[in-house]
Amino acid sequence: MPRVSIGVPVYNGERYIAETLDSLLAQTYKDFEIVICDNASTDRTEQICRAYAEKDSRIRYFRSTENLGASKNYRKVFEFSSGEYFRWANSDDLFAPE
């Protein structure tokens with residue numbers, strides 16, 4: 001079980017999701033998981049997230065077949081997390097390595 005879960009709810013985030021994931025993966029602290037819940041995106045978000053999940057086992061990707069609305073998607077992210085601590089990360093935010 002990772003110490004920290006980072007929850008990333010996303011909908012149609014192809015423009016920034018790769019940069020966000022790159023900045024999260026570049027953290028100096030390494031005991032974390034990234035939980036992505038895709039709210040039935042209609043752009044390339046799914047392909048991008050699946051490619052990242054295949055490259056790094058700390059990334060867990062879940063996709064809804066229909067749009068659940070923002071609040072239910074956020075709740076799913078939290079429910080899928082397994083870390084002792086939790087933090088949110090929006091799909092278009094960048095994070096400093098420390």
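None of these values were measured; they are calculated from a predicted model.
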Practice task
Nearest 0.5 Å please: distance from the CD atom of E66 over to the CG atom of N39.
Solution key: 9.5 Å

Exercise for the section: Check whether any side-chain heavy atom of Y74 sits under 4.5 Å from a side-chain heavy atom of E79, and report yes or no. Expected result: no

Practice task
Ignoring hydrogens and angles, tell me if any N or O in the side chain of E54 forms a donor-acceptor pair with the backbone of C49 under 3.5 Å.
Solution key: no

Problem - Cation-aromatic face contact R58/F32, 6.0 Å, 45 degrees - result: yes

Handout entry: Shared hydrophobic cluster for L21 and I6 (ILVMFWY, side-chain gaps under 4.5 Å)
Key = yes

Practice task
Quick one: pull up OG in S57 and CD in E33 and give me the separation to the nearest 0.5 Å.
Solution key: 10.5 Å

Handout entry: Nearest atoms (heavy-atom pairs only) where K76 meets L68
Key = CD-CD1, 3.3 Å

Exercise for the section: Could you check I59 against L25 for side chain to side chain contact (heavy atoms under 4.5 Å, CB included), going step by step and ending with a plain yes or no? Expected result: CA-CA 9 Å; I59 299 175; L25 292 171; 4.0 Å; yes

Practice task
Indicate yes or no: at least one non-hydrogen side-chain atom of S82 is less than 4.5 angstrom from one of P2.
Solution key: yes

Handout entry: Of D38, I36, N12, I17, the residue whose pairing with S91 passes side-chain contact (heavy atoms from CB on, under 4.5 Å)
Key = I17

Problem - Cluster check I48, V8: I/L/V/M/F/W/Y, side chain < 4.5 angstrom - result: yes

Fill in the blank from the handout: Smallest heavy-atom separation, A40 atom then N67 atom, equals CB-N, 3.6 Å

Exercise for the section: Any chance you could measure S5, atom OG, to R87, atom CZ, to the nearest 0.5 Å? Expected result: 12.0 Å

Handout entry: Non-hydrogen atoms of T28 and E98 that approach each other most closely
Key = OG1-CG, 3.6 Å

Handout entry: Over 12 foreign heavy atoms within 6.0 Å of CZ, F78
Key = no

Exercise for the section: Indicate yes or no: does E46 engage R63 in a salt bridge with an N to O separation below 4.0 Å. Expected result: yes

Practice task
Drop me the distance from L24's CG to E19's CD, to the nearest 0.5 angstrom.
Solution key: 12.0 Å

Problem - ILVMFWY network linking M1 to V77, side-chain heavy atoms under 4.5 angstrom - result: no

Exercise for the section: Indicate, with yes or no, if V4 and Y52 share a hydrophobic cluster defined by side-chain heavy-atom contacts under 4.5 Å among Ile, Leu, Val, Met, Phe, Trp and Tyr. Expected result: yes

Completion exercise
All heavy atoms of D93 vs all of S23, minimum pair found to be O-OG, 4.1 Å

Problem - Atom pair CZ (R3) and CG (D31), whose distance is rounded to the nearest 0.5 Å - result: 7.5 Å

Problem - Distance in Å, T20 OG1 paired with I34 CD1, rounded so as to fall on 0.5 Å steps - result: 10.0 Å

Problem - With sequence neighbours excluded, residues passing ring-ring contact (aromatic ring centres under 6.0 Å, His included) with F62 - result: F80

Exercise for the section: Tell me yes or no: between the side chains of Y16 and N90, is some donor less than 3.5 Å from an acceptor? Expected result: no

